[in-house]
Amino acid sequence: MSLQQLKEKACQLSVSDRLALLSAIVQSLQTTPEIENWQYLIARPHPWRKQLYIKGRKLLASSICRDMTANQMSAEQASENWDLPLDAIYEVIDYCENNQELLKLEAEEERYRLEVKGVQLEPTNAA
């Protein structure tokens with residue numbers, strides 16, 4: 001079964017069943033982040049989010065990667081922008097590259113939760 005077919009079947013579920021399914025998928029991918037020798041990253045308790053955060057901040061690793069991509073930043077620029085050591089940025093990049101599926105699922109979960117709340121995610125054209 002393709003990812004698109006799974007997505008279509010999931011859309012036929014009730015909202016609560018979809019949330020339970022997404023939560024189960026995220027947990028199966030990474031119930032506890034692998035304990036590696038992360039110097040700058042840490043796990044934090046969250047009902048459904050399992051990705052790592054920057055130690056001492058409420059900042060997701062994926063936020064830095066998305067910001068770097070969106071703004072075409074080098075690691076050095078991101079280090080300056082986020083006021084983090086360059087080694088922390090390299091650690092974030094490594095983490096994000098090795099956990100793409102988890103980050104993608106969490107982004108989809110967040111998007112879904114916002115849509116359920118009625119938050120408009122796409123800009124409207126002012127005509």
Side-chain angles (χ1 to χ4, degrees):
M1 184 176 285
S2 72
L3 185 56
Q4 182 61 33
Q5 290 169 321
L6 284 172
K7 191 174 181 179
E8 289 169 5
K9 285 197 179 276
C11 287
Q12 296 170 359
L13 298 173
S14 69
V15 171
S16 60
D17 287 344
R18 269 192 262 176
L19 291 174
L21 176 61
L22 286 171
S23 180
I25 291 170
V26 168
Q27 287 178 0
S28 73
L29 285 174
Q30 191 174 18
T31 52
T32 304
E34 279 105 37
I35 303 301
E36 296 188 25
N37 292 322
W38 299 117
Q39 183 177 355
Y40 299 98
L41 299 175
I42 191 166
R44 292 179 144 218
H46 190 277
W48 56 268
R49 198 178 293 282
K50 302 300 176 198
Q51 70 174 285
L52 300 181
Y53 291 76
I54 299 295
K55 284 182 184 175
R57 299 190 188 183
K58 291 182 180 179
L59 177 61
L60 292 165
S62 64
S63 296
I64 293 174
C65 287
R66 283 193 313 267
D67 186 48
M68 288 178 67
T69 301
N71 295 301
Q72 299 177 347
M73 287 183 189
S74 67
E76 292 78 9
Q77 291 168 320
S79 172
E80 186 175 323
N81 182 63
W82 291 98
D83 192 28
L84 289 168
L86 188 56
D87 285 344
I89 300 300
Y90 288 130
E91 190 171 283
V92 164
I93 293 168
D94 180 51
Y95 173 77
C96 289
E97 286 176 353
N98 289 301
N99 292 279
Q100 289 179 17
E101 197 62 32
L102 172 67
L103 302 181
K104 180 181 175 192
L105 284 171
E106 286 192 6
E108 289 174 4
E109 171 77 2
E110 185 170 18
R111 180 179 196 87
Y112 174 75
R113 287 172 180 257
L114 290 170
E115 287 173 350
V116 166
K117 289 181 180 180
V119 175
Q120 186 174 359
L121 301 175
E122 302 299 325
T124 57
N125 294 336

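Here the closest non-hydrogen pair linking S79 and P85 is OG-C, 3.7 Å. When all heavy atoms are compared, the tightest approach of K58 to R44 is CG-NH1, 3.2 Å. Contact detail for A75 and I93: the closest heavy-atom pair is CB-CD1, 4.4 Å. Across all their heavy atoms, A78 and M73 have their closest contact at CA-SD, 3.8 Å. Across S62 and Q51, no two heavy atoms sit closer than the pair OG-OE1, 2.9 Å.
Put simply, W38 and Y90 are part of the same group of oily side chains (I, L, V, M, F, W, Y) that touch within less than 4.5 Å, one to the next. Linking ILVMFWY side-chain heavy atoms closer than 4.5 Å, directly or via other members, places I54 and W82 in a single hydrophobic cluster. Connection of I42 to V92 is not established within any shared hydrophobic cluster, with ILVMFWY side chains joined at heavy-atom distances below 4.5 Å, either directly or through further cluster members. Hydrophobic cluster membership is shared by L103 and L52, with clusters built from Ile, Leu, Val, Met, Phe, Trp and Tyr side chains linked at under 4.5 angstrom.
Taking 4.5 Å as the limit, some side-chain heavy atom of E110 sits within range of a side-chain heavy atom of W48. For the pair Q77 and N71, the minimum side-chain heavy-atom distance is 4.5 Å or more. Residues Y53 and L41 are not in side-chain contact: their nearest non-hydrogen atoms beyond the backbone lie 4.5 Å or more apart.
A salt bridge between R49 and E109 is absent, with no side-chain N of the basic residue lying under 4.0 Å from a carboxylate O of the acidic one.
Between L84 atom CG and R57 atom CZ the span is 4.0 Å, to the nearest 0.5 Å. Of the inter-residue distances, the one linking N37 atom CG with E91 atom CD reads 9.5 Å to the nearest 0.5 angstrom. One finds the CD atom of E101 at 5.5 Å from the NZ atom of K104 (value rounded to the nearest 0.5 Å). Between S74 atom OG and M68 atom CE the span is 6.5 Å, to the nearest 0.5 Å.
Checking side-chain atoms of E106 against main-chain N and O of K50 turns up a donor-acceptor pair under 3.5 Å. The backbone N or O of C65 sits less than 3.5 Å from a side-chain atom of T69, completing a donor-acceptor pair. Of the possible donor and acceptor atoms, none in the side chain of D67 sits under 3.5 Å from a partner among the backbone N and O of S63.
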### Task
Would you please test D87 and Y40 for side chain to side chain contact (heavy atoms under 4.5 Å, CB included) and show each step?
CA-CA 8 Å; D87 285 344; Y40 299 98; 3.8 Å; yes
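Dense packing is recorded around CD of E76, with more than 12 heavy atoms of other residues, nucleotides or ligands lying under 6.0 Å away.
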